[in-house]
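Numbers here simply count residues along the sequence, with the first being 1. Whatever order the structure lists them in is the order used to number ligands and atoms, beginning at 1.
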Amino acid sequence: MESMSILLLGATGAMGQAAARFLAAEDVPFTLAGRDREKLSRLRAKLGKGETAVVALEDEQALRQAMRNHRVVAGAAGPFYRWEGYLGRLALEEGVHYISICDDYDGAQALLDLHEEARAKGLTLITGMGWTPGLTNLAALLGAQELDHVRAIHAAWAGSAEDDSGLAVTLHVLHAFAGKVPSYRGGQLVQVQAGKGPYWVDFPSPLGPVPTYECGHPEPITLSRSFPGVEEVTLRGAITQKLPNAIGRLLGRFSFLHGAKVRPKVAALSMRLLPLLNRLTPAPTSLSGFWVRVEGMKEGKPWQVTRRALGPMDVLTGFPLAVGAADLSQGKVGIPGAYPPEAPGLFMPADIFQRLEAFAVKVERLEGPLTG
Ligand SMILES: NC(=O)c1ccc[n+]([C@@H]2O[C@H](COP(=O)([O-])OP(=O)(O)OC[C@H]3O[C@@H](n4cnc5c(N)ncnc54)[C@H](OP(=O)(O)O)[C@@H]3O)[C@@H](O)[C@H]2O)c1
């Protein structure tokens, strides 16, 4: 195995397969890791390059073995509330850099808690380099750079259940809409009720306005740390098909559905019903989107900068992961410590947004005086 190579965990998943495609295009050596040999072989055959490794995340010894001799571990296996802290720790102990698409607030916090150890070992751990978090964080960074003072960051996602219906992401959605979740208000982290809303957000055409709801994601935790002095960071989301959206929020209310054994059963049942629910309440597009508004002051005036885009969820998610993993493996980014994607000195957001245009993802930028 080449020492520059990337171990892609969850390579057979909906997001992992896209990341694998982009890695193949980046022309960096990589290993596709998953627990199903057949799926791995089919993916390897489709890509025409890469090594494969059959490994279950629960098998710690096998996982450590797989991590060795790689330079970077790229995490696309979820749910991350279960795996992110554990994977970060193993990567640290095996002396490899780590980057993931973790979208769970508790998983992100567990990775950030490894900051001092990562610094001491000279390793870089990056949590949440996907779509949301990921592109949302990069949009916040760009917006913040364009203002003289940042007062608030509002981020939102609209995910299509036609675009991705994997088990891991279904578990994530149930987790995100369950109980109290972190938000940032009045200059401090607070807990808000998941599912509260709606907050209408204007996504690009053809999706248009979508009612979004409070949900549990890493952005309020990481963006509030990255932009000291910010008073408010909110994160709201919605599934674009009405029935899956309503049912996802409803299921979040019942805590007995969220035990470690029960939630996977609820997720499996939801996945079986999804095709029917999607047909009953179709969305205007099968694309998914993000929207980020940074509010503050510019040249003495209250001002806002908004960035928003639509695209296939696997492109929005897999591309940042692949680019980030490739950059890490080639030593282009490498500040030791544990960070979110918006940390200074890691990535060039404008460059990543521009490269996304090759995949028909156009990040729109709107700005103007703050009203109301
Ligand atoms: N940051 C973002 O923007 C973003 C966007 C979308 C999704 N996500 C997150 O990314 C994760 C993946 O989503 P997805 O839609 O790709 O889900 P998915 O289709 O269910 O894929 C999950 C992948 O993880 C693997 N996996 C699961 N448990 C494993 C285990 N115990 N050992 C080894 N491999 C295991 C699966 O392997 P098998 O093929 O063997 O099942 C599969 O390859 C989810 O947690 C989701 O919440 C993040």
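Contact annotation for I101 and ligand 1: heavy atoms of both the backbone and the side chain come within less than 4.0 Å of the ligand. Of all the heavy atoms of F290, none lies under 4.0 Å from any atom of ligand 1, so neither backbone nor side chain is involved. The side chain of D103, and not its backbone, has at least one atom closer than 4.0 Å to an atom of ligand 1 (non-hydrogen atoms only; side chain from C-beta on).
Between K121 and E117 there is no salt bridge, since no side-chain nitrogen of the basic residue lies less than 4.0 Å from a carboxylate oxygen of the acidic one. Classification of R307 and E364 as a salt-bridged pair fails, no side-chain N sitting under 4.0 Å from a carboxylate O. Contact check on R44 versus E38 returns no salt bridge, with no Lys/Arg side-chain nitrogen under 4.0 Å from an Asp/Glu carboxylate oxygen. Using a cutoff of 4.0 Å between basic side-chain nitrogens and carboxylate oxygens, R185 and E214 are scored as salt-bridged. The existence of a salt bridge linking R21 and D314 is confirmed by a sub-4.0 Å separation between a basic side-chain nitrogen and an acidic carboxylate oxygen.
Hydrophobic clustering, with ILVMFWY side chains joined whenever heavy atoms are under 4.5 angstrom apart, groups L7 together with V54. Taken together through direct or relayed side-chain contacts under 4.5 Å among Ile, Leu, Val, Met, Phe, Trp and Tyr, V292 and L207 form parts of separate hydrophobic clusters. Under the 4.5 Å side-chain heavy-atom criterion for ILVMFWY residues, no single connected hydrophobic cluster contains both V323 and M348.
For the residues F80, W157, W131, Y81, the heavy atom positioned nearest atom 3 (O) of ligand 1 is part of W131. If you check each of L316, L9, L57 against atom 33 (C) of ligand 1, the one with the closest non-hydrogen atom is L57.
Listed by number with element, the atoms of ligand 1 under 4.0 Å from a non-hydrogen atom of P79 are 45 (O). Close contacts between ligand 1 and T12 involve ligand atoms 37 (O), 38 (P), 39 (O), 42 (C), 43 (O) [criterion: under 4.0 Å to a heavy atom]. Atoms of ligand 1 lying under 4.0 Å from any heavy atom of L167, numbered from 1 in the order shown and given with element: 20 (O). The V169 neighbourhood of ligand 1 comprises atoms 7 (C), 15 (O), 17 (O), 44 (C), 46 (C), 47 (O), with distances under 4.0 Å to a heavy atom of that residue. Here is the list of ligand 1 atoms found below 4.0 Å of a heavy atom in H172: 47 (O). With ligand atoms numbered from 1 in the order given, ligand 1 contributes 33 (C) to contacts under 4.0 Å with heavy atoms of V55. For ligand 1, the atoms sitting less than 4.0 Å from at least one non-hydrogen atom of E58 are 30 (C), 31 (N), 32 (N), numbered in the order shown with element in parentheses. When each atom of ligand 1 is checked for a heavy atom of G130 under 4.0 Å away, the hits are 1 (N), 3 (O).
Geometrically, ligand 1 and A14 share a nitrogen or oxygen pair separated by less than 3.5 Å. Residue contacts with ligand 1: W83 is placed with no nitrogen or oxygen under 3.5 Å of a nitrogen or oxygen of the ligand (distance criterion only). For ligand 1, the polar-atom distance check finds an N/O of A168 within less than 3.5 Å of one of the ligand's N/O atoms. Annotation: R35 places an N or O atom under 3.5 Å from an N or O atom of ligand 1; distance criterion only.
The shortest heavy-atom distance from A76 to ligand 1 is under 4.0 Å. Within the structure, ligand 1 lacks G34 among the residues with a heavy atom less than 4.0 angstrom away. Judged by the shortest distance from any of its heavy atoms, G134 lies outside the 4.0 Å radius around the atoms of ligand 1. Residue contacts with ligand 1: T170 is excluded, as none of its non-hydrogen atoms falls under 4.0 Å.
By the neighbour-count criterion of 12 heavy atoms within 6.0 Å, atom CZ of R64 is densely surrounded, having more than that number from other residues, nucleotides or ligands. Atom NZ of K46 sits in a sparse spot, with 12 or fewer heavy atoms from other residues, nucleotides or ligands closer than 6.0 Å.
Residues T136 and W157 have side chains not in contact (no heavy-atom distance under 4.5 Å, counting atoms from C-beta outward). When side chains are defined from C-beta on, L135 does not count as touching V361, because their heavy atoms never get closer than 4.5 Å.
Under the 6.0 Å cut-off for aromatic ring centres, F30 and H70 do not qualify, their centroids lying 6.0 Å or more apart.
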